[in-house]
Amino acid sequence: MDRRVRVRFAPSPTGPLHIGGVRTALYNYLFANKHGGDFLIRIEDTDQTRFVPGAEEYIINSLKWLGIEAVEGIGFGDGPHAPYRQSERKPLYKQYVLQLIEAGHAYYAFDTAEELESMRERLKASNVDAKYDAITRGTMKNSLTLSEDEVKRRLESEEAYVVRFKLPRKEEVKFHDEIRGWVSFNTNQMDDKVLFKSDGMPTYHLANVVDDFLMQITHVIRGEEWLPSAPLHVLLYRAFGWENVMPAFAHLPLLLKPEGNGKLSKRDGDRLGFPVFPMNWNDPSSGELSSGYREAGYLPEAVVNLLALLGWNPGTTQELFTLEELVQAFSLDRVSKSGAKFDQNKAKWFNQQYVRKMSDEMLVPYLEKALAENGLDKQFDQAFLLQTCKLVKEKISFTKELWDYSRYFFVAPDTYDEQVVKKRWNDKIPALLSDLVYGIKAIDNYNHQSVEAAYQSALEKNGIAGKDFLQLFRVILTGVAGGPPLFEIAELIGKDNTLQRIEQAKSTLQNQA
RNA sequence: GGCCCGUUCGUCUAUCGGUUAGGACAAAAGAUUUUCAUUCUUUAAAGAGGGGUUCGACUCCCCUACGGGCUACCA
């Protein structure tokens, strides 16, 4: 049976999407496009109590920023299976629940929270697994124990109820996971999960199965945390009689905390020193700000690339991939089974690779943004900005660092690297600087060659070796000890600036000495 | 606790019974760059432990240990 490949990413809008979720979305996207299928987005908002305003927009915007585009669903123009928000699909689920009840696969349960609690306590006290299952359901208030009339009466009087799945007793449930192979569970370890809540909403389990069926999903690619509930989903497909179109399952390994304990969670926020979210997130209730990759200066291509390689490999030594290349190379059988710790160093390296690939022109807007942020909103010559980017590009790993490394192109230094000054400043320097100023003033055709020539002749006249002075000259012009080729900096900042900076350093440092 | 999944250099990983166990990031050393960064070269670094199966196991099976996930009218 050849069905068109259809996969979905189904987040719930309970907060910002963390990078583990982004990776799940990415793998779904890659898989769909690899097989010429559809990738769609469905919002699983069946828990109204956990709804967080703005979370849905955040999720969609994050995916868009990264270029993980869906062809259908929330944020991507809906499609033939609209609506794609489960809260808006609410009326649809009831008939499926009824279908299950009529077929004897589910039942009404009227137990109150207190009754459930006391049942659990009772069982725990006798050292038995506290669960609502084939044994305990016989002792609870549900349509299996209550008379038909009583059930009818309770339903008619609109008493609160839930619908539970009637789990077959002691049955082995086996299914094939695309990543893990055959996995099996026994129903005697499971419980009669609630399918339909007393607020009239389905639970995840029911909604996900019904929607995947209706939306003709062929592959469910999701995090490993869903593995234990997969057998329930398999059983649901059977109970509905949909087993012939049941999607294949693929449970992805989790992204772990770098320190080695537990899966990476939303709460990790900034604690770890690197973002766990794609973009900044401002929590609407606490006001707390969690930083994102975008604002931290990561390029979307780099984030996609590094995330793709965290849990998947192409089987070759290629490490740099465009999205399109990833689509071509991707396959589920090269997804690893074990969890991966996020490596900050590698992430930085990936970003550096992508910064290098950017043209100087592409870097200019980032520099302009930094200039504005630092109060330098006067207009700079585009050619000047372009040259600055060109010189600084290879020094940086993040676009954000552009400013740190190019500050002195725009502002004369107000401090000088102390170590260099201490080591290289001596009595001979003032005279040398005077000669240098004299030499530079005399230049007609000012460029890096002519400055260097003036520099060389000043050195010769004063009997000083280039080695002993270049570093100091750099500090005089820029304030700092490292940077791009010095004479090119001198050329870029211009003759007047260069002269000014020499004079300024001369007087400042002379007074200090 | 119970159930399930996992376990190769510090980290991400390759290996689908026979390899000097390979690559990348990070680390260290050297060269280049009259600085820093880059680049290049080199070094160090791994099959959790114990049993099997086999002529031969990192690779297959079992046990133990460790790690992780799940165990809600949350997803």
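Labels below follow one simple rule: chain letters A, B, ... track the order of the sequence lines, proteins then strands, and each chain is numbered from 1. Values below: all heavy atoms of this structure, side chains included; hydrogens, waters and symmetry mates excluded.
Using a 4.0 Å heavy-atom distance criterion, A/Q456 is classed as a base contact. As judged by a 4.0 angstrom heavy-atom cut-off over every strand, A/P485 is placed among the base-contacting residues. If you check every strand for non-hydrogen atoms under 4.0 Å, A/S12 touches sugar and phosphate atoms only. At the heavy-atom level, A/P484 lies under 4.0 Å from base atoms of the strands shown. Residue contacts for A/V194: at a heavy-atom cut-off of 4.0 Å it reaches the sugar-phosphate backbone alone, with no base atom in range. A/F51 comes within 4.0 angstrom of no nucleic acid atom, judged by non-hydrogen atoms across all strands. Note on A/E319: only backbone sugar-phosphate atoms sit closer than 4.0 angstrom, heavy atoms only; bases stay farther off. Across all strands, A/D111 comes closer than 4.0 Å to base atoms (heavy-atom distances). Heavy atoms of A/G223 sit nowhere under 4.0 angstrom from any nucleic acid atom. Within the nucleic acid shown, A/A481 comes within 4.0 Å of at least one base atom, counting heavy atoms only. Residue A/Y204 is in base contact, counting any heavy-atom pair closer than 4.0 Å across all strands shown. Residue contacts for A/T14: at a heavy-atom cut-off of 4.0 Å it reaches no nucleic acid atom on any strand shown.
OP1 or OP2 of B/C74 lies within a sub-4.0 Å distance of a side-chain N or O belonging to A/K197. Contact between the side-chain N/O atoms of A/T46 and the OP1/OP2 oxygens of B/A75 is found at a separation under 4.0 Å. At the phosphate of B/U39, OP1 or OP2 sits under 4.0 Å from a side-chain N or O atom of A/R356. For B/U13, one of the phosphate oxygens OP1 or OP2 lies less than 4.0 angstrom from a side-chain nitrogen or oxygen of A/S336. Within the 4.0 Å cut-off from OP1 or OP2 of B/U15, at least one side-chain nitrogen or oxygen of A/R334 is found. Distances shown here put every side-chain N or O of A/K193 at or beyond 4.0 Å from the OP1 or OP2 atom of B/C70.
Looking at the side chain of A/Q352, the nearest of the listed nucleotides B/A24, B/C74, B/U38 is B/U38. Closest to the side chain of A/A340, out of B/U13, B/A37, B/C73, is B/U13. Taking the side chain of A/Y455 as heavy atoms from C-beta on, and the options B/G69, B/U13, B/U34, the nearest nucleotide is B/U34. Closest to the side chain of A/E452, from the set B/G2, B/A75, B/U34, is B/U34. Picking from B/A75, B/U35, B/C3 the nucleotide with the shortest atom distance to the side chain of A/Q471 gives B/U35. Of all nucleotides listed (B/C4, B/C70, B/C25), B/C25 comes nearest to the side chain of A/D343.
Separation of the P atoms belonging to B/A21 and B/A48 is 15 Å when rounded to the nearest angstrom. For B/A27 and B/U38, the P atoms lie 9 Å apart once the distance is rounded to whole Å. For the P atom pair drawn from B/U20 and B/C25, the interatomic distance equals 26 Å after rounding to whole Å.
To the nearest angstrom, P of B/C74 lies 14 Å from CD of A/E44. Remark: C1' of B/C74 and CG of A/D191 are 14 Å apart, rounded to the nearest angstrom. In this structure, A/N345 places its CG atom 12 Å from C1' of B/C12, rounding to the nearest Å. We find that CZ of A/R222 is positioned 12 Å from C1' of B/C70, with the value rounded to whole Å. In this structure, CG of A/L256 is placed 15 Å from C1' of B/G10, rounded to the nearest angstrom. Distance A/N313 CG to B/C25 C1': 15 Å, rounded to the nearest Å. The distance from atom NZ of A/K341 to atom C1' of B/U13 is 14 Å, rounded to the nearest whole Å. Distance, A/D192 CG to B/C73 P: 11 Å, rounded to whole Å.
In this structure a side-chain-to-backbone donor-acceptor pair under 3.5 Å is present from A/T145 to A/M140. Checked by atom type and distance alone, the side chain of A/R154 never pairs as donor or acceptor with a backbone atom of A/E159 at under 3.5 Å. A/K395 places no side-chain N or O within 3.5 Å of a backbone atom of A/E401 that could act as its donor or acceptor partner. Although no hydrogens or angles enter the test, the distance criterion places a donor-acceptor pair under 3.5 Å between the side chain of A/E325 and the main chain of A/T322. Here the side chain of A/K131 pairs a donor or acceptor atom with the backbone of A/N188 at under 3.5 angstrom. With A/K393 contributing its side chain and A/M358 its backbone, the two residues share a donor-acceptor pair below 3.5 Å. Under the 3.5 Å distance criterion, the side-chain polar atoms of A/T187 are left unmatched by any main-chain donor or acceptor of A/M190.
The aromatic rings of A/Y293 and A/Y298 sit perpendicular to each other, their planes meeting at more than 60°, with 30° as the lower class boundary.
Geometrically, A/R164 does not engage A/Y107 in a cation-pi contact, judged by NZ or CZ lying under 6.0 Å from the ring centre and within 45° of the ring axis.
Under the salt bridge (Lys or Arg N to Asp or Glu O under 4.0 Å) criterion, the residue pairs touching residues 179-190 of chain A are A/R180-A/E224, with sequence neighbours excluded.
The only member of A/R85, A/K90, A/Q86 that meets side chain to side chain donor-acceptor pair (under 3.5 Å) when paired with A/E88 is A/R85.
Pairing for B/A37 is absent, judged as Watson-Crick or G-U wobble with the two contacts each under 3.5 Å. Pairing of B/U20, defined by two Watson-Crick or G-U wobble distances under 3.5 Å, is not identified with any nucleotide. Using N1 to N3 plus N6-O4 or O6-N4 for Watson-Crick, or N1-O2 and O6-N3 for G-U wobble, each under 3.5 Å, B/C70 pairs with B/G2. With a 3.5 Å ceiling on both atom-pair distances, the Watson-Crick or G-U wobble partner of B/A28 is B/U42. Across all strands shown, B/U7 forms a Watson-Crick or G-U wobble pair with B/A65, both key distances being under 3.5 Å. Of all nucleotides present, none satisfies the Watson-Crick or G-U wobble test against B/U59 with each distance under 3.5 Å.
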If you restrict it to nitrogen or oxygen atoms, what contacts under 3.5 Å exist between nucleotides 6-9 of chain B and the protein, and what is each distance?
none

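Checking A/E225 against A/F110, the closest nucleotide of RNA chain B that is more toward the 5' end is the one next to A/E225.
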